[in-house]
> 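Submitted below is the structure of interest, expressed as structure tokens.
In this chain, numbering begins with 1 at the start of the sequence shown.
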Amino acid sequence: MLKNLETLPDVVKKRVLGYVEEMLSIQGDKIISVALYGSAVGKDFSKKASDINIAIIFSELGFSDLKKSQKLISNGLKKRIPAPLFLTKPYIESSTDVFPIEFLEMKENHITIYGDDILSEIEVSKENLRLECESQIKGKLIRIRQAYLSMVGKKRGIENLLKESLNSLIPVFKGLLRLKGITLPSGKEEILRETAETFGYDSDVFVKIFQDRQNDKRIAGMDVEIFFEMYLNQLQGLAGSINEI
């Protein structure tokens, strides 16, 4: 029996209801929990842009379980349901040191629609969280510099790089705020503003890139390379600030 569906946006409920019921039919008693996580369960859900992320937790998991789910998962991709995370409880318990940001995001932003609420039981150490925040931001700096060089001045490509890079860093920024003991704002734009204020940077750079991604505002009509330089400087500053936490 599925539960908590009334808390989901109507479009999300419509897409996942049959999908999850069919997955339960395929996998049977092996599934002990199904949870939706990410923007599909938050105030930033966009029918146009948001994926519907699902974590499915098994009592045991083998290759045959992957194989018999392939057709359903292929059909789900057409409805903006990415391939779900197939997990087991022992895997989660032994992996929070490696993926603290990812598991904290799931813990704090999910709705369990079947079985036990296993994601709420996750525990993460602050030191592991700090290390992944540092790794993610410093790694992002290397990758966006490399990506910029490969674009040879293509404005649209640089704009897309800014939007996707910043969006992928929002969970990291939330991790930084957690390390500072700050209560997380509920929306992504507010998280960007809070991060900039907490670490002493200009929030306009982050906010305008985010608004461009949400509404295609073309970064308020400004030169995209000027924005890229400002964004790069902000990330370099944040990378240095992490060592002081």
Side-chain angles (χ1 to χ4, degrees), residues 38-39 42-51 53 99-102 104-105 108-109 126 128-245:
S39 59
K43 74 176 231 179
D44 290 309
F45 176 73
S46 165
K47 183 178 179 180
K48 178 181 177 181
S50 296
D51 290 330
N53 297 304
F99 305 114
I101 292 174
E102 292 80 0
L104 269 179
E105 281 292 291
E108 297 185 3
N109 193 26
K126 290 186 71 172
N128 287 333
L129 178 59
R130 193 200 69 78
L131 285 171
E132 193 184 6
C133 286
E134 182 176 10
S135 173
Q136 288 284 337
I137 289 182
K138 290 183 176 179
K140 183 67 69 178
L141 273 169
I142 292 171
R143 291 189 292 274
I144 64 171
R145 289 174 185 141
Q146 185 180 36
Y148 172 80
L149 290 170
S150 70
M151 287 175 185
V152 198
K154 294 177 181 176
K155 305 288 187 183
R156 190 65 179 178
I158 297 169
E159 183 183 350
N160 289 334
L161 173 62
L162 285 170
K163 292 188 287 188
E164 298 313 311
S165 168
L166 180 64
N167 188 61
S168 69
L169 280 172
I170 289 175
V172 182
F173 293 167
K174 291 167 75 173
L176 292 175
L177 294 177
R178 290 184 182 105
L179 288 170
K180 285 285 193 177
I182 294 171
T183 301
L184 295 181
S186 60
K188 290 182 178 180
E189 184 171 325
E190 292 80 7
I191 287 164
L192 295 173
R193 292 184 187 277
E194 186 67 49
T195 302
E197 181 178 341
T198 299
F199 289 92
Y201 300 103
D202 181 4
S203 65
D204 280 354
V205 177
F206 292 154
V207 169
K208 286 177 180 176
I209 295 170
F210 174 74
Q211 290 175 343
D212 184 5
R213 186 177 189 273
Q214 294 296 96
N215 306 307
D216 201 24
K217 291 187 176 181
R218 302 301 296 272
I219 312 186
M222 295 181 65
D223 188 315
V224 69
E225 292 214 350
I226 292 174
F227 253 79
F228 185 86
E229 181 180 7
M230 291 189 294
Y231 178 65
L232 198 64
N233 289 338
Q234 300 271 60
L235 291 189
Q236 288 172 168
L238 276 174
S241 297
I242 295 173
N243 290 324
E244 301 171 8
I245 297 177

> Report, as yes or no, whether the 6.0 Å neighbourhood of atom CD on Glu197 holds more than 12 heavy atoms from other residues, nucleotides or ligands.
no
> Is a side-chain N or O of Asp51 found less than 3.5 angstrom from the main chain of Asn53, in a donor-acceptor match?
no
> Determine, step by step, whether Glu190 and Arg193 satisfy the salt bridge (charged side-chain N to carboxylate O under 4.0 Å, His left out) criterion, reporting the C-alpha distance in whole Å, the side-chain angles of both residues, the deciding distance to 0.1 Å, and the verdict.
CA-CA 5 Å; Glu190 292 80 7; Arg193 292 184 187 277; over 6 Å; no
> Under a 4.5 Å cut-off applied to non-hydrogen side-chain atoms, are Asn167 and Lys188 in contact?
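Of all side-chain heavy-atom pairs linking Lys188 with Asn167, at least one is under 4.5 Å.
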> Could you go through Glu108 and Arg178, starting from their C-alpha distance and side-chain angles, then the distance that decides it, and tell me whether this counts as salt bridge (charged side-chain N to carboxylate O under 4.0 Å, His left out)?
CA-CA 11 Å; Glu108 297 185 3; Arg178 290 184 182 105; 2.8 Å; yes
> How many angstroms lie between CD1 in Ile101 and SG in Cys133, if you round to the nearest 0.5 Å?
4.0 Å
> Could you walk me through whether Leu177 and Thr183 pass side chain to side chain contact (heavy atoms under 4.5 Å, CB included), step by step?
CA-CA 8 Å; Leu177 294 177; Thr183 301; over 6 Å; no
> Applying the side-chain hydrogen bond (donor to acceptor under 3.5 Å, both in side chains) test to Ser168, which of Lys163, Lys140, Arg143 qualifies?
Lys140
> Check step by step if side chain to side chain contact (heavy atoms under 4.5 Å, CB included) holds for Val205 and Asn233.
CA-CA 10 Å; Val205 177; Asn233 289 338; over 6 Å; no
> What's the separation between atom CG in Asn243 and atom CZ in Arg130, rounded to the nearest 0.5 Å?
6.0 Å
> To the nearest 0.5 angstrom, please state how far the CG atom of Leu169 sits from the CG atom of Leu238.
9.0 Å
> With the side chain counted from C-beta on, respond yes when Lys155 and Asp223 share a heavy-atom pair under 4.5 Å apart, and no when they do not.
yes
> If I take atom CD1 from residue Ile158 and atom OH from residue Tyr231, how far apart are they, to the nearest 0.5 angstrom?
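If we round to the nearest 0.5 Å, Ile158:CD1 and Tyr231:OH are 13.5 Å apart.
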> To the nearest 0.5 angstrom, please state how far the CD1 atom of Ile142 sits from the CD atom of Gln146.
9.0 Å
> Got a donor-acceptor contact below 3.5 angstrom from the Ser165 side chain to the Leu162 backbone?
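Side chain of Ser165 to backbone of Leu162, a donor-acceptor pair under 3.5 Å: no, none is there.
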> Taking all atoms of both residues into account, what is the closest heavy-atom pair of Met151 and Leu161, and its distance?
CE-CB, 3.8 Å
> Working to the nearest 0.5 angstrom, can you tell me the gap between Ile242 CD1 and Gln136 CD?
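Reported value, rounded in 0.5 Å steps: 10.0 Å.
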> Please determine whether side chain to side chain contact (heavy atoms under 4.5 Å, CB included) holds for the pair Ile245 and Phe199, giving the CA-CA distance in whole Å, both sets of side-chain angles, and the decisive distance to 0.1 Å.
CA-CA 11 Å; Ile245 297 177; Phe199 289 92; 4.0 Å; yes
> State whether the number of non-hydrogen atoms from other residues, nucleotides or ligands found under 6.0 Å of Gln236 atom CD is greater than 12.
yes
> So, for Ser241 and Tyr201, which heavy atoms are closest and what is the spacing to 0.1 Å?
OG-OH, 3.3 Å
> Using modelled atom types and a 3.5 Å cut-off, is there a donor and acceptor pairing between side-chain atoms of Tyr148 and backbone atoms of Phe228?
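No.
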> Evaluate the side chain to side chain contact (heavy atoms under 4.5 Å, CB included) criterion for residues Leu184 and Glu194: first the C-alpha distance (whole Å), next the side-chain angles of each, then the deciding distance (0.1 Å), finally the verdict.
CA-CA 9 Å; Leu184 295 181; Glu194 186 67 49; over 6 Å; no
> What class does the angle between the rings of Phe173 and Phe206 fall in, given that below 30° is parallel, 30 to 60° is tilted and above 60° is perpendicular?
tilted
> Of all heavy-atom pairs between Gly175 and Leu129, which one has the smallest distance, and what is that distance?
O-CD2, 3.8 Å
> Heavy atoms, side chains only, cut-off 4.5 Å: are Ile209 and Leu192 in contact?
no
